[in-house]
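Reminder, nothing fancy here: chain letters follow the sequence lines and each chain counts from 1.
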Number of protein chains: 2
Amino acid sequence: MTETAPRPTLEAVAARAGVSRATVSRVVNGGQGVREPLVERVRRAVEELGYVPNQAARSLVTKRHDAVAVVIAEPETRVFADPFFALQLRGISKELTAHDSQLVLLLTGGRADHARVGRYLAGGHVDGALVFSLHFDDPLPELAQRAGVPTVFGGRPGWGEGTRSAVYVDSDNRGGARDAVRHLVGLGRGRVAHITGALGQTSAVDRLDGFRDVMVDVDPRLIVEGDFTPAGGERAMRLLLERCPDLDAVFAANDLTASGALRVLRAQGRRVPEDVAVVGFDDMLPVAEQTDPPLTTIRQDIEEMGRLMASLLFRALERRGGGSYRDAGSGVGGGPSSVVLPTTLVRRASA
Amino acid sequence: MTETAPRPTLEAVAARAGVSRATVSRVVNGGQGVREPLVERVRRAVEELGYVPNQAARSLVTKRHDAVAVVIAEPETRVFADPFFALQLRGISKELTAHDSQLVLLLTGGRADHARVGRYLAGGHVDGALVFSLHFDDPLPELAQRAGVPTVFGGRPGWGEGTRSAVYVDSDNRGGARDAVRHLVGLGRGRVAHITGALGQTSAVDRLDGFRDVMVDVDPRLIVEGDFTPAGGERAMRLLLERCPDLDAVFAANDLTASGALRVLRAQGRRVPEDVAVVGFDDMLPVAEQTDPPLTTIRQDIEEMGRLMASLLFRALERRGGGSYRDAGSGVGGGPSSVVLPTTLVRRASA
DNA sequence: GTGAAAGCGCTAACAT
DNA sequence: ATGTTAGCGCTTTCAC
């Protein structure tokens, strides 16, 4: 175990350098308006003492934390099983680094954690929050709101109370779904099935809506609920083949679901795409390119979504000038507004 | 974007309840030694104002943060591609929740991030740190040490300067590897190959040592370096088949590596386990059970490792009584010491 | 049992 | 350009 070194304070550095605390503070924070010889003396003292500013003390007065919370409303197991989050975090991470902000990841796998997360956000540990994977009944938007923490959502939140003015970044789920289904129809398929995502999330609902936009009056047995996991895809596919052995195409709500469906199709001797054409959603490379056959899917730029979320958050932070974020943006009009990113069809072998 | 509510302070609550700040503080922190009617009044005021303590202010005086940093020295893409981390985090998460501590995840994908992580740790945001996936040249142990933050490592750290007294939790990598290789030998295999992990990490080195313990004087061409990823496993397996077409068994440094190796073996028409027997390491269920054929492997209880790391950290925190951790443990003798967990062979179809 | 007051370590006016 | 000083919001002696 590491030793307990009693950390030196500003005071100590000042004493050592023979200057006032204010001067040390100035040097530590960029050294503006301090003459060279003094800067040098202070720097040396800092070095010798191994001084590092106490952030709690600093935040107390500046109201800044240089940290942003990323809240993911899923249990660890799902978060880490789905490459989706990795990509999104990557985008966020890049943007935060550019703003010299720390990324603080909070996973909230269940009701019990919510209180803790709420306390953390309200406790003033972070300048803002990026919240993902919201479910319809989720209290998180409320919590963030009441905590007074500027928040940007990943994916359109379901309409909760205080969510009307929420800023979010989303993909054009409905439009992408329409493209996927039109592609299948264009291939001459008439019995197109849909395995939905977890319908507690707007992305799943939107994709279902897109499916329906094209397949009006579809046989309801051709729609089965999944949950965005491979296992869910397998289950749904089996059910589908049982109920509608004559289906000739499947639109799966995401690539993971499609991969499960493909396994079942192969196991039951259906050839893809000859007998059944399959289209996924996400274009998660490690999944879509590894399936057999490789997956035709709807691409969304997930990393960019993450980057954009962080970027919107910083824009908001600058506007409100919270704490010392006083290099406020030009700030004409209201805060930043939501963004919906386009999707594109990526054709591989499965459809 | 959420609105900016000016957060109420202790002072405000005190005024509203008609008591002193001290009393409010007492109530907020458990209400010991305050009479019932007052407690009630204060509670109501807290409720009405939506008061939440400012953690920066609190930490400034208590020196406690009720938060623990988990530092993973890998880029996001790897962290999220490897179920290993998910499991470990799960164990940690459980233990932290039990201690009502927040988990703050810091990913450090490159040299550039190290400074930021170091500053974060030294800045006094957390009570302790749990550090993973260390590489030999990693400056992280040094940083944590100098930051004066109690730290527990996941996996034996390579011997850096200040690492002599490091506390860590590890699996018996060497012993497990021996078991794996002995199992293969017991199956009558004579040409046993080894695909190593990333040799910059002690776990990979220890497993290689275990392999060598059993296969003394092994043909050096039977050892190929991998990197703990499926792609690395594929690459290594191809090289192995080219150099030693007569090999009849493979011990892969982890399950992910084994899965890559299996793909190549199948593609090249080798039957597993008839022609080539394969053993992995980790017993990562989503991987080991899904391969074709299911993988014989060495199980380590990863979740338990995580739980244990957190548990050791808390024990250390209690001992040092840092800040108000004054319910110090019985504290006889030195701090907690490292733990090495046993492994077990899990037999499936591949060997 | 309750309140008054002294800081925790830092930044930001304000003086000089 | 540098120093002095007043807090930031909270906990914690110490009196009452």
Side-chain angles (χ1 to χ4, degrees), chain A residues 5-42 45-46 49-66 119 122-125 148 321-327, chain B residues 6-42 45-46 49-66 119 122-125 148 321-326:
Chain A
R7 316 198 56 69
T9 71
L10 243 206
E11 184 82 51
V13 178
R16 174 129 191 166
V19 298
S20 74
R21 277 151 50 200
T23 300
V24 178
S25 178
R26 287 181 189 114
V27 171
V28 168
N29 295 288
Q32 288 296 325
V34 179
R35 260 196 287 257
E36 198 38 53
L38 271 201
V39 173
E40 218 11 77
R41 280 230 308 276
V42 172
V46 165
L49 267 40
Y51 169 76
V52 179
N54 176 324
Q55 291 298 333
R58 196 207 284 266
S59 293
L60 191 53
V61 30
T62 62
K63 268 96 177 62
R64 278 193 56 175
H65 309 274
D66 295 318
R119 248 183 294 140
H125 289 277
S324 306
Y325 264 106
R326 44 179 153 43
D327 44 345
Chain B
R7 312 199 56 69
T9 72
L10 243 206
E11 182 82 51
V13 178
R16 174 128 191 165
V19 298
S20 73
R21 275 151 53 199
T23 299
V24 178
S25 178
R26 287 182 189 113
V27 172
V28 168
N29 294 290
Q32 288 296 326
V34 181
R35 259 197 287 259
E36 199 37 52
L38 272 201
V39 172
E40 218 12 76
R41 281 232 307 277
V42 172
V46 165
L49 266 41
Y51 169 76
V52 180
N54 177 324
Q55 292 299 332
R58 195 208 284 266
S59 294
L60 190 52
V61 30
T62 61
K63 269 98 174 64
R64 278 192 57 175
H65 309 275
D66 294 316
R119 247 182 295 139
H125 290 277
S324 307
Y325 264 104
R326 44 183 154 41

Sequence neighbours excluded, the answer for side chain to side chain donor-acceptor pair (under 3.5 Å) partners of A:Ser25 is A:Asn29
One should read off an interatomic distance between B:Gln55 CD and B:Arg64 CZ, to the nearest 0.5 angstrom, of 10.5 Å
Do other residues, nucleotides or ligands put more than 12 heavy atoms under 6.0 Å from B:Gln32 CD?
no
With sequence neighbours left out, the residues meeting ring pair (Phe, Tyr, Trp, His ring centres under 6.0 Å) with A:His125 are A:Tyr120
Per atom distances to the B:Leu38 side chain, the nearest of C:dT2, D:dG3, D:dT12 is C:dT2
note: A:Glu11, atom CD; C:dC10, atom P; distance rounded to Å ~ 9 Å
Whole-Å distance, B:His65 NE2 to C:dC8 C1', equals 12 Å
Nearest heavy-atom approach of B:Leu10 to B:Val24 is CD2-CG1, 3.0 Å
Ranking B:Val24 and A:Ala22 by the position along DNA chain D of their nearest nucleotide, the one closer to 5' is A:Ala22
Closest non-hydrogen contact found for B:Gly124 with B:His65 is O-CE1, 2.8 Å
Residues A:Tyr51 and A:Val28: closest non-hydrogen pair is CE2-CG2, 4.0 Å
The correct set of residues in residues 26-35 of chain A placing a heavy atom under 4.0 Å from DNA chain C is A:Arg26, A:Asn29
From CD of A:Glu36 across to P of D:dT2 the rounded distance in Å is 10 Å
Could I get a table of every N or O pair under 3.5 Å where one atom is in the protein and the other is in nucleotides 6-9 of chain D?
residue	atom	partner	partner atom	Å
D:dA6	N6	A:Arg21	NH2	3.4
D:dG9	N2	B:Ala57	O	3.3

The complete set of side chain to side chain donor-acceptor pair (under 3.5 Å) pairs with one or both residues in residues 10-22 of chain B, sequence neighbours excluded, reads B:Arg16-B:Glu48, B:Ser20-B:Thr23
Of all heavy-atom pairs linking B:Leu60 and A:Ala57, the shortest is CD1-CB, 3.6 Å
As a check of understanding: the bend across the helix from C:dG1-D:dC16 to C:dT16-D:dA1, end axes from five pairs, rounded to 10 degrees, works out to 40°
Legend entry - side-chain N/O B:Ser25 vs D:dT11 OP1/OP2, d < 4.0 Å: yes
Looking only at heavy atoms, the pair that brings A:Arg119 and B:Val52 closest together is O-CG1, 4.5 Å
Closest non-hydrogen atoms of A:Ala17 and A:Ala45, given as atom of the first, atom of the second and distance, are CB-CB, 3.9 Å
